[in-house]
Asker: 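One structure follows; several queries about it will come next.
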Amino acid sequence: MIVDARVLREDFVPSEVVHRHDEVNLLSESLEPLLAGHGTDPAFLFGPTGVGKTCIARYTLAQLREQDPDVRVAYVNCWQEYTRFRVLYSLLESIDQAVSIHRSTPKDELFGRLDDAGDRPLVAVLDEVDQLEETAVLYDLHRLPHVSLVLIANREEELFASFDDRVRSRLHAGTRVQFDRYGTDELVAILRERATQGLEPNAVRTEQLRTIAEAASGDARVGIGILRSAARRAKQAGDERVTTTVIESAIPDARTAIRQKTVEGLLEHQRVLYDMIEDTGEIEPGTLYERYEQRVEEPKTTRTLRNHLTKMVHYDLIESVGKHRGRRYRLVADDSDQSDEDS
DNA sequence: GCTCCACAGGAAAACAAGGGAA
DNA sequence: TTCCCTTGTTTTCCTGTGGAGC
């Protein structure tokens with residue numbers, strides 16, 4: 001059933017892109033000066049989750065490296081690496097310059113090392129850049145002539161609103177590449193490509209791919225997740241082909257798996273809060289703090305809990321409804337409609 | 001309109017942890 | 001071994017907002 005499991009992973013970069021040629025061309029053009037040994041303006045990739053921003057960035061940069069292997073590429077996911085120190089460290093790690101750097105190494109030294117590594121151009125791809133807590137690092141990187149920035153985020157307005165004036169004015173110039181949600185036919189084509197490479201011939205029919213695409217609501221990440229889950233289920237059942245029943249049961253799997261991955265990454269106290277919100281369905285802050293204090297042995301202060309709750313809202317795990325006294329926390333609905341609104 | 005209260009979030013201080021230097 | 005430096009996390013203090021009650 002499954003011929004090549006790598007193809008069914010979200011982070012797989014295909015050898016040919018489907019339905020994103022304009023976006024690839026625009027990004028390629030913005031990076032073209034690198035081939036002539038010049039620097040570039042920042043490139044911004046905007047669009048909702050699951051529209052192929054990261055995939056296209058990786059694909060385009062792989063193409064660029066084929067033309068000029070001297071160009072180095074570093075990917076940083078700002079969900080995990082959200083401080084100035086972590087971003088600089090990740091970039092240095094990507095170019096093998098992070099030796100003997102530790103927690104107490106001054107940030108200026110990290111910046112200095114990056115500055116010293118200017119013998120070859122470096123493209124720094126900052127994914128989920130709107131999650132950066134210290135956007136001054138963008139100013140730092142922009143100052144380095146050998147570093148080209150590719151910044152990936154959901155919405156332009158929200159990203160620029162989070163910048164301070166200095167960063168905003170520096171990064172104002174640059175190429176914007178806007179990604180729209182995939183239509184059902186486009187998503188079917190992407191899934192067909194993955195199925196052709198990853199599954200045995202005729203393992204899944206076109207109308208089944210259409211069912212998956214419709215359930216994914218334009219989100220390729222979810223669509224590929226459903227396909228992967230369906231293929232695994234069929235394999236476990238010993239079937240030679242994916243059945244419609246298997247697809248129907250795989251649809252909720254994909255969204256649950258994405259959420260579960262985020263929940264598993266929560267800190268202990270965040271997890272307690274998440275579980276309590278899940279248990280109650282909807283809860284007001286005062287009651288939540290009260291119950292939390294009863295449940296854990298060494299409770300954190302309410303200020304820390306507010307920080308945790310803010311983080312979980314950012315993670316799209318919970319949402320707050322109402323304001324001030326009428327505020328309630330609840331889990332983000334796990335259906336496609338909600339996903340559309342949030343993206 | 002005034003006061004009280006619940007709530008969110010910014011700023012700065014305090015603290016913990018890890019590593020280097022003496 | 002101790003002190004110092006740096007970072008990340010947590011706490012303390014504070015301000016702003018707006019609903020509820022009078």
Side-chain angles (χ1 to χ4, degrees), chain A residues 74 76-94 96-116 124 126 128-141 155 157-168 262-277 280-332 342:
Chain A
V76 180
N77 189 319
C78 300
W79 268 112
Q80 282 94 38
E81 321 301 339
Y82 48 82
T83 65
R84 187 181 173 214
F85 181 90
R86 290 189 187 185
V87 170
L88 293 174
Y89 182 85
S90 288
L91 293 174
L92 287 170
E93 205 173 27
S94 302
D96 299 324
Q97 296 292 323
V99 182
S100 76
I101 287 179
H102 45 77
R103 228 185 114 123
S104 52
T105 305
K107 283 181 277 198
D108 288 347
E109 190 184 323
L110 272 70
F111 181 69
R113 281 207 199 183
L114 207 52
D115 194 12
D116 292 342
L126 305 191
E128 312 270 9
V129 69
D130 42 353
Q131 298 305 319
L132 261 186
E133 287 186 0
E134 293 176 84
T135 58
V137 71
L138 299 176
Y139 180 79
D140 293 339
L141 296 173
R155 294 192 183 100
E157 312 79 55
E158 285 176 16
L159 177 65
F160 276 82
S162 68
F163 291 165
D164 62 41
D165 293 342
R166 195 179 56 164
V167 177
R168 198 176 298 132
T262 316
V263 170
E264 281 167 10
L266 293 177
L267 302 171
E268 181 193 345
H269 291 261
Q270 290 173 336
R271 186 62 188 265
V272 171
L273 291 169
Y274 179 85
D275 288 344
M276 286 197 300
I277 295 168
T280 53
E282 197 169 281
I283 189 168
E284 59 269 31
T287 312
L288 180 62
Y289 301 149
E290 218 170 88
R291 292 190 187 172
Y292 160 82
E293 283 175 339
Q294 290 166 0
R295 188 173 292 193
V296 302
E297 282 189 8
E298 292 179 25
K300 304 289 183 190
T301 61
T302 54
R303 182 68 188 90
T304 300
L305 298 193
R306 284 203 292 277
N307 285 338
H308 287 340
L309 290 167
T310 306
K311 276 270 182 203
M312 288 193 284
V313 170
H314 278 289
Y315 293 163
D316 238 6
L317 290 174
I318 64 169
E319 60 184 351
S320 63
V321 289
K323 284 189 174 180
H324 309 289
R325 287 193 169 183
R327 177 167 286 218
R328 299 275 192 282
Y329 287 104
R330 66 185 183 200
L331 297 194
V332 170
D342 294 339

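Per chain, numbering begins at 1; letters A, B, ... match sequence-line order.
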Asker: Can you tell me the distance, in whole Å, between the CG atom of Leu110(A) and the P atom of dC5(C)?
Answerer: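 Leu110(A) atom CG is separated from dC5(C) atom P by 19 Å.
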
Asker: Would a 4.5 Å heavy-atom cut-off, applied to side chains only, mark Ile318(A) and Leu273(A) as touching?
Answerer: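 No. Closest side-chain heavy atoms not under 4.5 Å.
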
Asker: With a 4.0 Å limit, can you tell me whether Arg306(A) has a side-chain N or O closer than that to the phosphate oxygens OP1/OP2 of dC7(B)?
Answerer: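 The answer is no; no side-chain N or O of Arg306(A) sits under 4.0 Å from OP1 or OP2.
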
Asker: Find the distance Lys311(A):NZ to dG8(C):P and express it as a whole number of Å.
Answerer: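 It works out to 12 Å between those atoms.
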
Asker: N/O contacts under 3.5 Å, protein versus nucleotides 14-17 of chain B?
Answerer:
none

Asker: Just to be sure I understand the rule, does Thr310(A) reach a base, reach only the sugar-phosphate, or reach nothing, if contact means heavy atoms closer than 4.0 Å?
Answerer: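 Answer is sugar-phosphate: Thr310(A) comes under 4.0 Å of backbone atoms only.
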
Asker: Separation of His314(A) atom NE2 from dG9(B) atom P, in whole Å?
Answerer: 8 Å

Asker: Return the minimal non-hydrogen interatomic distance between Pro285(A) and Arg327(A), and the atom names on each side.
Answerer: CD-O, 3.3 Å

Asker: Could you check whether atom CZ of Arg291(A) has more than 12 heavy atoms from other residues, nucleotides or ligands sitting under 6.0 Å from it?
Answerer: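 Counting neighbours around CZ of Arg291(A), 12 or fewer heavy atoms of other residues, nucleotides or ligands fall under 6.0 Å, so no.
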
Asker: Take the protein atom CG of Leu305(A) and the nucleotide atom P of dT10(C), then report the distance between them rounded to whole Å.
Answerer: 10 Å

Asker: When the distance from CZ of Arg303(A) to P of dA12(B) is rounded to whole Å, what number comes out?
Answerer: 14 Å

Asker: Between dT12(C), dT7(C), dC7(B), which one does the side chain of Glu284(A) approach most closely?
Answerer: dC7(B)

Asker: Would you indicate, yes or no, if dT9(C) has its OP1 or OP2 atom less than 4.0 angstrom from a side-chain nitrogen or oxygen of Thr304(A)?
Answerer: no

Asker: Base, sugar-phosphate, or nothing for Arg84(A), non-hydrogen atoms under 4.0 angstrom?
Answerer: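 No contact at all - Arg84(A) keeps every heavy atom at 4.0 Å or more from the nucleic acid.
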
Asker: Any non-hydrogen side-chain atom of Met276(A) less than 4.5 Å from a side-chain atom of Ile283(A)?
Answerer: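 No; the side chains remain at least 4.5 Å from each other.
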
Asker: For the side chain of Lys300(A), counting heavy atoms from C-beta on, which of dA11(B), dA8(B), dT10(C) is nearest?
Answerer: dT10(C)

Asker: With sequence neighbours left out, write down each residue that passes side chain to side chain donor-acceptor pair (under 3.5 Å) with Thr304(A), or none if nothing qualifies.
Answerer: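 Thr304(A): side chain to side chain donor-acceptor pair (under 3.5 Å) contacts with Thr301(A).
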
Asker: With a 4.0 Å cutoff (strictly under), does any side-chain N or O of Tyr329(A) reach OP1 or OP2 of dA8(B)?
Answerer: yes

Asker: Quick check for you: among dA11(B), dG8(C), dT10(C), whose closest atom lies nearest to any side-chain atom of His308(A)?
Answerer: dT10(C)

Asker: Can you name the nearest heavy-atom pair linking Gln270(A) to Leu267(A), along with the distance?
Answerer: OE1-N, 2.9 Å

Asker: For a 4.5 angstrom cut-off between non-hydrogen side-chain atoms, does Asp140(A) reach Leu114(A)?
Answerer: no

Asker: Distance-only, no hydrogens or angles: does the Arg113(A) side chain make a donor-acceptor pair with backbone N or O of Gln97(A) under 3.5 Å?
Answerer: yes

Asker: Can you check the Phe85(A) CZ to dT9(C) C1' distance for me, whole Å?
Answerer: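 So the two atoms are 15 Å apart, to the nearest Å.
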
Asker: OP1 or OP2 of dT11(C) versus the side-chain N and O atoms of Thr301(A): is any pair under 4.0 Å?
Answerer: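 True: Thr301(A) side-chain N/O within range (under 4.0 Å) of dT11(C) OP1/OP2.
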
Asker: Rounded to whole Å, how long is the line connecting atom CD of Glu268(A) with atom C1' of dT9(C)?
Answerer: 15 Å

Asker: Where along nucleotides 17-22 of chain C does protein come under 4.0 Å, by heavy atom, of base (B) or sugar-phosphate alone (S), with - for untouched nucleotides?
Answerer: BBBS--

Asker: Categorize Thr83(A) for me: base, sugar-phosphate, or nothing, with a 4.0 angstrom heavy-atom threshold over every strand shown.
Answerer: sugar-phosphate

Asker: Send over the distance from Tyr89(A) OH to dT6(C) C1', rounded to a whole Å.
Answerer: 15 Å

Asker: dG8(C), dA8(B), dT11(C): which one has an atom nearest the side-chain heavy atoms of Arg327(A)?
Answerer: dA8(B)

Asker: More than 12 foreign heavy atoms under 6.0 Å from CD of Glu268(A): is that the case here?
Answerer: no

Asker: Under a 3.5 Å distance rule, please check whether Tyr89(A) uses its side chain to pair with a backbone N or O of Glu81(A) as donor and acceptor.
Answerer: no

